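Notes for the one structure printed next.
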Amino acid sequence: MKKTPFVTLQQVNEICRQYPTPFHIYDEKGIRENARALKKAFSWNKGYREYFAVKATPNPFLLKIFQEEGCGVDCSSYTELLMADALGFSGENIMFSSNATPEKDFLLAHKIHATINLDDFSDIETLDRLAGIPETISCRYNPGGSFTIGNSIMDFPANAKYGFTRKQLTAGYKLLMEKGAKHFGLHAFLASNTIANEYYPTLAKILFQTAVELHQETGAHIAFINLSGGVGIPYKPDQQKNDIFAIGEGVRKAFEEILVPAGMGDVAIYTELGRFMTGPYGGLVATAIHEKKIYKDYIGLDACAANLMRPAMYGAYHHITVLGKENAPADHVYDITGGLCENNDKFAVDRELPEIQLGDRIFIHDTGAHGFSMGYNYNGKLRSAEILLKEDGSFQLIRRAETPADYFATFDFTDFFKNIKN
Ligand SMILES: *Cc1c(COP(=O)(O)O)cnc(C)c1O
């Protein structure tokens, strides 16, 4: 399917009069419509709730949109917990799914009454010693081996650092019950960015079956099953979008087949989606500032991997549109680069695009999740602004761009940079 940006050149030029490139821009309408479709797809389940994975796009304005749409948040660190609490998410609307967890993180999660999803058997003792075991607690499951859908191997949980083994789950639930836990959650995340409507239903079957066993083995009351993240998005134009209604229906069937006959039809389904919630509804807008022709043709942008790391880190494909040239023939081949002193700082390699002139606005698609948030300051590059394209077509600054003063702020105990004023 042809990928079309959710902003036009005209809109971008208007934004640029106030806020120079580069910036990430988000589509409020797309985010809300998608969140509503997700909710509808799981409306068959009475307790259903999406806990948006904060790490995907930790912007308070976007979290407020999810709050308005009835979502909770999934946090994995101290600062994410602080953010959720400050934005008025109540304890039951905060899931804490961490790993290698510092003690102060557990203490804060406990203090704000977040639902804690333990990553390891040893966390039981740690949490008990620090704060006591709450009545509602969750454990993350790692089934080991390989995870397959039909005949295709999706991932290798045996190599993943997360979760309890199957035996540890039984022992863990028993120990938690001894320490006062009354209501249990079960969580697993077995494959990332899946473009297959079968992912959630396949995972659900594994978790539902395990929940029935755990209930039989320990007598524990299973209150919720958390399917976590992993529902993907089509980064490439030839990829098929997931059908969230087919996914919800697949999970419902597994629920009817496994949980209902076991007398566990009151279990709530939770999700912790990140990429699916914001990925397609964000774009990185940059300007072509340099062209060079050596052994290949390069276009240099004012954005770099510090603003979007996925291509450099994973060789990930992000579609690119030259704004205003949506319908021009793609009769040039370019490497589209940032300016880091790192040869992997390329948003695209050998990409067929229309002829690019300096000053052209470049829209890099699908940066709404794990885009801005993976940013860093290598080469003294600064994090960009974030802009919200509102439902009525107006735009709002939702994070200002970093300034040199921000970059030097961690040296504020010295005098070296005190005269730097941006
Ligand atoms: C990253 C993560 C998510 C979100 O994953 P997506 O692939 O963005 O949907 C959810 N839960 C946990 C525990 C995670 O680490």
Side-chain angles (χ1 to χ4, degrees), residues 26 31 34-35 37-38 41-42 49-59 62-63 66 71-81 83-84 93-101 105-106 109 114-120 123 137-143 147 154-155 157 159-164 185-197 199-200 202-204 207 224-235 239 241-242 244 247-248 251 269-282 308-310 313-314 316 318 366-374:
Y26 304 96
I31 289 173
N34 184 64
L38 172 70
F42 283 90
R49 186 177 294 147
E50 153 70 2
Y51 291 83
F52 173 66
V54 172
K55 72 165 193 260
T57 323
N59 185 294
L62 299 182
L63 297 189
F66 287 120
C71 301
V73 280
D74 164 38
C75 301
S76 57
S77 67
Y78 189 85
T79 37
E80 288 181 358
L81 287 169
M83 189 183 302
N93 281 305
I94 305 173
M95 187 65 62
F96 183 54
S97 291
S98 59
N99 68 94
T101 311
D105 295 29
F106 274 139
T115 302
I116 297 175
N117 180 36
L118 299 174
D119 180 68
D120 182 38
D123 291 340
I137 188 95
S138 176
C139 297
R140 182 169 184 165
Y141 178 34
N142 182 335
F147 174 68
M154 303 296 288
D155 218 321
N159 294 335
K161 65 176 176 172
Y162 308 106
F164 290 53
L186 185 62
H187 169 286
F189 189 164
L190 301 187
S192 196
N193 191 30
T194 56
I195 299 283
N197 292 335
Y199 170 63
Y200 257 7
T202 307
L203 171 68
L207 286 176
F224 64 87
I225 286 174
N226 187 341
L227 301 175
S228 187
V231 175
I233 59 167
Y235 286 99
Q239 285 176 316
K241 193 173 169 233
N242 281 316
I244 198 62
I247 291 172
V251 175
I269 301 298
Y270 293 166
T271 55
E272 287 172 348
L273 294 168
R275 194 185 312 271
F276 182 77
M277 303 306 286
T278 48
Y281 315 110
L308 175 67
M309 195 186 204
R310 298 185 71 260
M313 189 170 175
Y314 313 116
H318 278 265
D366 302 315
T367 71
H370 314 294
F372 179 95
S373 63
M374 287 172 88

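This structure is a prediction, so every number in the text was calculated from the model and none was measured. Counting starts at 1 for both ligands and their atoms, in listed order.
Of the inter-residue distances, the one linking Y270 atom OH with S97 atom OG reads 12.0 Å to the nearest 0.5 angstrom.
Ring-centre distance between F189 and F147: not below the 6.0 Å cut-off.
A 4.5 Å side-chain heavy-atom check between L273 and E50 finds at least one atom pair inside the cut-off.
Using the six-membered ring where Trp is involved, F66 and F52 have ring planes that are parallel, under 30° apart on the 30 and 60° scheme.
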Is there any protein N/O under 3.5 Å from an N/O of ligand 1, and what does the full list of such pairs look like?
from	atom 1	to	atom 2	distance (Å)
ligand 1	7 (O)	G230	N	3.4
ligand 1	8 (O)	R275	N	2.8
ligand 1	8 (O)	H370	NE2	2.8
ligand 1	9 (O)	G230	N	3.1
ligand 1	9 (O)	G274	N	3.0
ligand 1	11 (N)	D74	OD2	3.2
ligand 1	11 (N)	S228	OG	3.2
ligand 1	11 (N)	E272	OE1	2.7
ligand 1	15 (O)	K55	NZ	2.7

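Because its NZ or CZ atom is both nearer than 6.0 Å to the ring centre of Y235 and within 45° of the ring axis, R310 counts as a cation-pi partner of that residue.
With sequence neighbours excluded, the residues that form a side chain to side chain contact (heavy atoms under 4.5 Å, CB included) with D155 are A191.
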